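Working notes, structure below.
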Amino acid sequence: MSMKVTLIPERCIACGLCQTYSDLFDYHDNGIVKFASAEDLLEKEIIQDASVLEAIKNCPTRALIKD
Ligand code: SF4
C-alpha cells in the first residue's frame with residue numbers, strides 16, 4: 001500500500017526530529033525539511049512505512065502531512 005507525504009516547509013521549525021525517525025527526510029542548510037532524494041519536491045508517494053508515520057505524528061508543528 002502506498003501513501004502520499006506532503007511537506008509544508010513554512011511550518012517547519014528546523015527541530016531535526018523527523019530524520020531521527022526516517023531517512024526519507026533531510027534538511028536544507030538552514031535546517032528546514034526536504035525530501036532526502038528530491039530537493040524541490042513537496043509531495044511524494046511512498047510505500048506505507050511505520051517510521052515515516054511516526055515522524056509525521058511527532059512533528060511538533062504539523063509540517064509533515066499524510067494524505
Ligand atoms: S519534525 Fe517537523 S518541525 Fe521538526 S524538522 Fe521535521 S518537519 Fe521540521
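Computed from a prediction, not measured in an experiment: that's the story for all the values here. Atoms within each ligand, like the ligands themselves, are counted from 1 in listed order.
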Given that the side chain starts at C-beta and the backbone is N, CA, C, O, which of these parts of [X] lies under 4.0 Å from ligand 1, counting heavy atoms, or is it both or neither?
X     : answer
Leu64 : side chain
Tyr27 : side chain
Thr61 : side chain

Name the closest protein heavy atom to [atom], giving the residue it belongs to and the distance to 0.1 Å.
atom                    : value
atom 5 (S) of ligand 1  : Gly16 N, 3.3 Å
atom 4 (Fe) of ligand 1 : Cys15 SG, 2.3 Å
atom 2 (Fe) of ligand 1 : Cys59 SG, 2.3 Å

With heavy atoms of [X] as the reference, note each atom of ligand 1 found under 4.0 Å away.
X     : answer
Val33 : 7 (S)
Ala63 : 7 (S)
Cys18 : 1 (S), 5 (S), 6 (Fe), 7 (S)

So, are Lys34 and Glu39 salt-bridged, with charged N and O less than 4.0 Å apart?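 Salt bridge between Lys34 and Glu39, a charged N being under 4.0 Å from a carboxylate O: yes.
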Ser22 and Glu54: CA distance, side-chain angles, deciding distance, side chain to side chain contact (heavy atoms under 4.5 Å, CB included) verdict: CA-CA 9 Å; Ser22 171; Glu54 279 300 300; over 6 Å; no
If hydrophobic clusters are built by linking Ile, Leu, Val, Met, Phe, Trp and Tyr wherever their side-chain heavy atoms come under 4.5 Å apart, do Val33 and Ile46 end up in the same one?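 Hydrophobic grouping puts Val33 with Ile46.
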Please report the shortest heavy-atom distance between Asp26 and Ala36, naming the atom on each side.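 Scanning both residues completely, I find the closest heavy atoms to be CB-CA, 3.7 Å.
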Please report the closest heavy-atom contact between Leu17 and Asn58, naming both atoms and the distance.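 Shortest heavy-atom contact: CD2-O, 3.4 Å.
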Side chain Glu43, main chain Thr6, donor-acceptor under 3.5 Å: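 No; judged by distance alone, with no hydrogens or angles, the pair does not exist.
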Would you find a donor on one side and an acceptor on the other, under 3.5 Å apart, between the side chain of Tyr21 and the backbone of Ile56?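 No, the answer is negative, given that no donor and acceptor are paired below the 3.5 Å cut-off.
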For a distance under 2.8 Å, tell me if Cys12 has an N/O/S atom near atom 4 (Fe) of ligand 1.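 No, Cys12 does not qualify, because none of its backbone or side-chain N, O or S atoms lies under 2.8 Å.
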